[in-house]
Amino acid sequence: MRRYFGRKLLIYGLTFFVAVTINWMIPRFMPGDPVASMLARANVTQPAAYEAMRSYYTGLFGLDQPIWQQYLNFWGRLLRGDFGTSIYLFPTPVSTVIKGAVPYSIGLVMPSVLLSWVVGNWAGAIAARRKVLDNTALPIGYVLTAMPHMWLGVLMAWGFGVILGWLPIAGGYSFSMRPSLTWAFAWDLVVHWFLPFLSLFLIALGGWAIGMRNMIIYELESDYSNYLSALGAPQRLIRRYAFRNAVLPQITGLALQLGVIVAGALVTEIVFSYPGLGSLILNAIKNKDFFLIQGAFLFIVLGVLIANFIIDIVYVVVDPRTRAGMVAGT
Amino acid sequence: MITVDGLRVYYRTLKGDVRALDGVTFDVRDGEILGLAGESGCGKTTLGKSLIRMDGRMKHVAGTVTLDGRSLPIADDAAMVPFRFHEVSLIPQYSMSALNPTRKIGRMIRELLKARQAPYDEQELHKRLELVGLGVETLERYPIELSGGMKQRMVMVISTLLNPSLLIADEITSALDVSTQKAVATALAGFRDAGFLKSMIFITHDISLTYQIADTIMVMYAGKLAEKAPAKTMVTAPRHPYTQLLLNSLPEVGVRYGQRRLAGIPGSPPSLLNPPDGCRFRDRCPLAYGKCAEEPPPVEVEPGHFVACWKA
């Protein structure tokens with residue numbers, strides 16, 4: 001058991017290192033100079049002042065050092081918990097900017113991932129039971145899962161927000177509100193949260209339902225199901241066993257899909273101008289804010305890795321075969 | 001006592017009915033082990049399945065099955081349920097994968113018995129496990145932790161737990177090596193002797209293994225009965241040309257086949273989609289003559305010895 005998790009942790013550590021390194025590299029390979037664009041925004045006209053400010057900021061962000069030195073500095077600061085200062089929201093530290101955005105992203109992604117997984121599995125298992133349901137649920141599932149996130153997002157914003165006027169279409173809360181611990185503000189949050197949540201939920205739902213439906217049908221054809229049927233076991237028992245076995249690949253699927261879901265969430269946030277990491281990353285890229293891009297991606301990498309690790313643990317709990325493998329020391 | 005009378009079961013396909021089982025009549029007495037032999041596609045597995053659970057493509061066309069004086073509703077899936085496990089049970093071909101991989105075996109057995117409203121007699125279960133050489137702790141394991149032979153024996157114990165009147169063992173030794181085959185066959189005969197089951201149909205393509213445990217051997221060819229006789233008679237004095245050729249194609253111990261070629265049966269069985277009239281073995285039979293264009297009925301040439309051949 002310890003060996004199994006030890007090896008897993010090592011793999012996650014390596015993944016983290018590689019992902020963070022790539023995150024560090026990508027913004028630096030983008031064309032353009034962040035300090036120049038920052039100064040352009042500040043409308044500095046005097047050449048002497050411009051030159052002085054340019055060298056000051058370049059030194060401040062450590063961009064005058066050789067690239068390998070910048071990389072080492074980056075890891076050194078990262079390990080001390082210092083993500084640097086945002087260029088675009090100067091002089092706010094990146095950690096503060098991200099801290100403001102992360103709750104929105106988590107509040108959006110977690111419920112939509114978990115609920116769509118649970119409801120999708122449930123719907124798929126039911127669809128596998130009846131022909132009529134199957135004939136309706138399957139096409140709906142295919143349509144849902146094939147929808148691009150931004151397209152469904154725009155469609156819902158247009159339908160529910162513009163045409164029907166039921167729900168707001170942008171922002172995390174109303175401009176007229178200040179964040180506070182009141183019921184009115186909480187309700188405002190929920191109302192703004194609902195459309196982005198729903199579009200993420202619906203798209204993920206289709207895929208899970210189709211996957212579960214196929215797996216259940218496969219399991220019901222399997223040898224152990226046939227044996228139980230031959231011994232006259234009721235369908236209820238056979239379906240329960242089939243469900244338990246069919247859920248296993250769905251759990252693996254959840255781990256594999258996490259990255260895709262996060263990417264979808266970023267796009268959805270941008271469509272709804274939701275103040276999470278997605279909108280933040282878009283702004284950071286637009287302004288060549290190296291440190292903010294790095295920081296935001298770091299949080300996404302961490303989130304995906306932690307979620308994967310949790311799924312690994314869950315898998316060990318639900319599938320006896322992985323446990324058998326651990327005892328054998330493989 | 002099970003009596004099968006004129007049973008016909010066809011497979012529905014897009015091209016038409018495949019007559020996999022085309023009028024078979026026989027009975028198995030209490031305490032008797034019937035060895036059912038024949039090559040692939042002769043209908044032996046179809047017969048086994050028909051007696052417990054037909055799959056969706058199978059169609060009961062004619063014939064009756066009577067078990068202990070009661071008629072078995074083999075065509076009615078729901079009506080068969082009360083008979084399954086309690087009266088008719090099965091050891092499947094796929095014992096290696098017959099157990100739910102995500103349940104501990106003991107819990108699976110308890111859940112199955114509860115679902116079938118059968119009492120869970122722990123002592124009896126333990127006794128039987130020990131009889132086949134499985135420890136009681138096996139119940140606390142998952143199927144993945146058992147070897148192939150252990151799973152096979154576990155399935156044997158589960159299938160016979162309610163002392164069925166008829167046990168169908170379908171090609172259960174095909175996946176085992178020769179030494180284990182013998183042990184499994186002997187264990188099943190032991191189950192019969194201990195009264196765990198009244199009668200058994202032992203389906204196999206291995207006629208020499210059948211001979212070791214069966215009281216009676218029935219040979220099928222292309223969906224029909226070719227010959228049925230007491231095991232000894234079948235091996236020493238077969239009357240049907242197919243049985244004779246089948247036995248001749250078995251290797252004999254002590255003979256070096258470098259010197260003598262192993263005889264086979266030339267040709268292959270007819271298609272059962274539109275089978276020819278008359279004797280179905282006609283085309284491959286060295287003794288065939290004009291009369292074979294008519295279908296030979298099974299005739300009792302001596303007590304308990306049935307042959308379906310005009311030359312017998």
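Lettering follows sequence order; numbering is per chain, from 1.
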Part of [X] lying under 4.5 Å from any heavy atom of chain A:
{"X": "B:I91", "value": "neither"}
{"X": "B:M80", "value": "neither"}
{"X": "B:R53", "value": "side chain"}
{"X": "B:I52", "value": "side chain"}

>> Atom CD of residue position B:Q123 - does it have more than 12 heavy atoms of other residues, nucleotides or ligands inside 6.0 Å?
In response: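 No, the 6.0 Å shell around CD holds no more than 12 heavy atoms from other groups.
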> How about A:F309: does its CZ atom have over 12 heavy atoms from other parts shown lying under 6.0 Å from it?
Replying inline: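 For A:F309, atom CZ is crowded (more than 12 foreign heavy atoms under 6.0 Å).
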> Given a strict heavy-atom distance threshold of 4.5 Å, which part of A:S229 is in contact with chain B: side chain, backbone, both, or neither?
Replying inline: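 For A:S229, backbone and side chain are both near chain B.
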>> Using a 4.5 angstrom heavy-atom cutoff, name the option from B:S97, B:P143, B:A115 with the most pairs to chain A.
In response: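 Answer, by heavy-atom pair count under 4.5 Å with chain A: B:S97.
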>> Let's test your reading of the structure: which of B:L112, B:D77, B:V81, B:V88 forms the most heavy-atom pairs below 4.5 Å with chain A?
In response: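 Maximum pair count with chain A is reached by B:L112.
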> What is the distance from atom CG of B:N100 to atom CG of A:D223, rounded to the nearest 0.5 Å?
Replying inline: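 Here the interatomic distance stands at 12.0 Å.
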> Rounded to the nearest 0.5 Å, how far does OG of B:S95 lie from OH of A:Y227?
Replying inline: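 The OH atom of A:Y227 sits 7.0 Å away from the OG atom of B:S95.
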>> List the residues meeting side chain to side chain donor-acceptor pair (under 3.5 Å) with A:N23, not counting sequence neighbours, and say none if there are none.
In response: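 Applying side chain to side chain donor-acceptor pair (under 3.5 Å) to A:N23 gives none.
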> Do you know which of A:S222, A:G232, A:S225 has the most heavy-atom pairs under 4.5 Å to chain B?
Replying inline: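 The residue among A:S222, A:G232, A:S225 with the greatest pair count is A:G232.
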> So, for A:L228 and B:M108, which heavy atoms are closest and what is the spacing to 0.1 Å?
Replying inline: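 Taking every non-hydrogen atom into account, CD2-CE, 4.4 Å.
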>> Tell me the closest heavy-atom pair linking B:Y94 and A:N226, and the distance in Å.
In response: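 Closest approach of B:Y94 to A:N226: OH-CB, 3.3 Å.
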> Residue by residue, which of residues 234-244 of chain A have a heavy atom closer than 4.5 Å to a heavy atom belonging to chain B?
Replying inline: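 At a heavy-atom separation under 4.5 Å, chain B is reached by A:P234, A:L237, A:R240, A:Y241, A:R244.
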